[in-house]
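To keep things clear, I will list the structure first and then write my remarks on it.
Excluded from the calculations below are hydrogen atoms, water molecules and symmetry mates; all remaining heavy atoms, backbone and side chain alike, are included. Small disclaimer: the values here were computed from a predicted structure and weren't measured.
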Amino acid sequence: MQAVTRIREPISKRIMRNTAYNAVGRLWLIGTNLLLAPLLLSYLGQDRFGVWVLFWSLIQYCLLLDLGVGASLVKYFSEFEAKGDVRSVNRVLASTITVYIVVGVALVLLLWPLVAWLSSFFSIPQDLRQEATVTFQLGLVAFFLINLVSIFDGLLKGFQRMDLVNLTLIAVSIPNLLGSYLVLRLGWGLLGLVMVVVIVYVLQLFLFVLQARSVCPSLTCHRRDVRFETLRLLFGYGARLQIARLANLVSYQTDKILLGLFVPLRYVTFYDLGSKVSYVTHELPHVMLGALLPAASELSGNADHTRLWTMYERGTKYLFLFSIPALIGIWLTAHLVLQAWLGHVSSDVHLAVVLLSTGYWAVVSVGMVTTVGAGIGWVGPLMRTSLIQGGLNLLLSLALIIPFGYVGVLVGTTTALILSNGYLLALFCRDFNRPLRDHARLAGRIFLLNIPPVIVSLPAVLLLSGWVKGGGRGVAFVALLGCVILYGIVYLATIRMAGLLDRGDRDLLGDYLPLIHALIRKSG
């Protein structure tokens, strides 16, 4: 049996290193996406921007057609790499590429002639229909490329090389940003943007292939390695997680499609802009979670349950310490964020920020549950809960969009996310004998830690809000930055006084976050 020739680091060091790389990558991508959105809006206008939002939502649904294979790649690449089983790694790679090419080509050929008919159901103005149809058709090519990219993305993540993944994402984001700006300046509109997307994914695929070969020199893709039993293994695990992916799409993408079907297209734009700001409360905490999934799979595969549950407990604490102030900060400063980002504050977008950030935080609050659960193979309950989340979200959004329109969709989604993720937490605590009250007590304690910074920051927010009304984006950004700094200083001081961090946290994080030493009381 061939072996992966790579020296193994202690798992705690790998987690921290990968978390650092994920942090850099996520922050960069969040920044570039936030920079790109107002640029697109200013050149495209509200209706074309709405079409662009629907373009990406429909692509996300097309990605579900990988038969569940993609959902299992990180887990099995990680397990086989940990065992030094390169033969199995090659079989996963060859089998997955074969399936993706066959299924992808078939779907592109099948859906291409149907796109015009499907796009007619959306509330797209008549003068945009032809342009929207061609945009959606070219999106099928992008879908094919994204599937291929996801294979090598899964391999690098399974090998816990988040450094390479994030460096590549940063690298390709630059031509994406510059190319988008160029085609918009040239007046190429939506079709120019789609061409940029296709070029960027070709470049990303090329770079990922090169990196995969450097990480695993014995990596090959031969027809002899295509195995039915390998596909059955991948599908058996991934099919159950596929339900979770579907539920996530219902929660994060279907609202936009419903709005495109039932209300004027501009509300798709309002929803998307609000969700982009709200999603920061979801994305930033996942910096840590992305590095923990392969680590949880490795610990589970080695039956190291003690370290697995230690990782779960500390990870939950860090997740709350970061995500709860992010949520409260969004509530306090949403109007400043919108003023600094878009140059104006729309009441429809502001409402989306406040409601959706609450629902997204409910998802984040059980991030360690879903991460550890997926890593140890606890996919049945994840699947059932995802079905509840997706079904409840779709039911509430459909029921409320008729009488209440845009607001009904926001309320339906937020309610569904809170109820379903609360149910998931209860299931997890029951199945693994983790006290639910401990989880609730920890969340409550950290919410209480945010009361002092809120009391100190709220007067400043109110004062600065009046100051920025007559100013531009720069004034709003300075005001926002001042509020964030003030909140952060008081919050960190409160953490130290509360003694929430201990020597274990210092030993784990101290080498990477020197500030941790100042936050731990000597008696801790």
Side-chain angles (χ1 to χ4, degrees), residues 23-42 49 173 177 269-287 319-361 364 410 414 446-447 449-495 513 515 519:
V24 173
R26 293 246 182 191
L27 288 172
W28 177 271
L29 292 181
I30 288 172
T32 55
N33 287 334
L34 291 178
L35 178 63
L36 191 58
L39 176 69
L40 295 175
L41 184 61
S42 65
F49 188 91
S173 71
L177 188 61
T269 296
F270 296 155
Y271 185 100
D272 185 70
L273 293 172
S275 68
K276 276 182 166 58
V277 176
S278 305
Y279 209 62
V280 172
T281 63
H282 181 282
E283 278 290 281
L284 290 181
H286 277 75
V287 165
L319 192 62
F320 283 162
L321 281 170
F322 185 84
S323 66
I324 290 175
L327 173 65
I328 297 174
I330 286 289
W331 289 343
L332 286 175
T333 64
H335 58 294
L336 295 177
V337 172
L338 294 176
Q339 180 72 28
W341 182 39
L342 300 176
H344 65 278
V345 180
S346 163
S347 59
D348 290 315
V349 179
H350 187 276
L351 181 62
V353 171
V354 173
L355 290 178
L356 292 178
S357 62
T358 306
Y360 293 165
W361 181 82
V364 168
L410 294 174
T414 302
I446 296 176
F447 266 109
L449 288 180
N450 282 269
I451 291 179
V454 168
I455 293 174
V456 173
S457 302
L458 185 56
V461 171
L462 296 175
L463 178 63
L464 292 173
S465 297
W467 177 57
V468 302
K469 280 185 178 179
R473 291 180 177 177
V475 174
F477 178 77
V478 171
L480 175 63
L481 184 61
C483 291
V484 170
I485 292 174
L486 178 61
Y487 193 104
I489 291 172
V490 178
Y491 179 57
L492 294 176
T494 307
I495 290 175
L513 298 173
L515 179 63
L519 297 180

* For Q339 and R473, which heavy atoms make the closest approach, and how far apart are they? -> O-CG, 3.5 Å
* How close do P453 and T494 get, heavy atom to heavy atom, and via which atoms? -> CD-OG1, 4.1 Å
* CD1 on I330 to OG1 on T358, rounded to 0.5 Å -> 10.5 Å
* To do: Please tell me if the side chains of I328 and W361 come closer than 4.5 Å, counting only heavy atoms from C-beta onward.
  => no
* Do Y487 and V454 pass the side-chain contact (heavy atoms from CB on, under 4.5 Å) test, and can you show the C-alpha distance, the side-chain angles, and the key distance before you say yes or no? -> CA-CA 7 Å; Y487 193 104; V454 168; 3.8 Å; yes
* **Minimum-distance pair of heavy atoms, taken over all atoms of P325 and F320** => CD-O, 3.7 Å
* To do: Could you grab the distance from atom CG of L177 to atom CG of L39, nearest 0.5 Å is fine?
  => 7.5 Å
* Structure fact -> Between V468 and A476, the two heavy atoms sitting closest are CG1-CA, 3.9 Å
* Asked: Quick check: does any side chain N or O of Y279 sit under 3.5 Å from a backbone N or O of Y360, one acting as donor and the other as acceptor?
  -> no
* Got more than 12 heavy atoms from elsewhere within 6.0 Å of CZ, F477? -> no
* Side-chain heavy-atom pair S346, L338 within 4.5 angstrom cut-off -> no
* Asked: What distance do L351 atom CG and F270 atom CZ have between them, rounded to the nearest 0.5 Å?
  -> 12.0 Å
* Asked: Do the rings of H350 and H335 sit parallel, tilted or perpendicular, given the 30° and 60° boundaries?
  -> tilted
* Once you round to the nearest 0.5 Å, how far does CG of L40 lie from CG of N33? -> 9.5 Å
* To do: Enter the distance from I446:CD1 to N450:CG here, rounded to the nearest 0.5 Å.
  => 8.5 Å
* How far apart are the closest heavy atoms of W341 and V277, and which atoms are they? -> CZ3-CG2, 3.5 Å
* Asked: Given side chains that start at C-beta, do those of T32 and L36 come closer than 4.5 Å, heavy atoms only?
  -> no
* Euclidean distance, L327 CG relative to F322 CZ, rounded to 0.5 Å -> 12.0 Å
* Asked: Hey, does L273 have a side-chain heavy atom less than 4.5 Å from the side chain of L41?
  -> yes
* Are the side chains of L464 and C483 in touch, meaning some heavy atoms are under 4.5 Å apart? -> yes
* Asked: Is there side-chain contact between T333 and V484, with at least one heavy-atom pair below 4.5 Å?
  -> no
* Residue pair Y271 / D348, side-chain heavy-atom distance below 4.5 Å -> no
* For S278 and S275, indicate whether the former's side chain and the latter's backbone hold a donor-acceptor pair under 3.5 Å. => no
* Check: F49 main-chain N/O paired with T269 side-chain donor or acceptor under 3.5 Å -> no
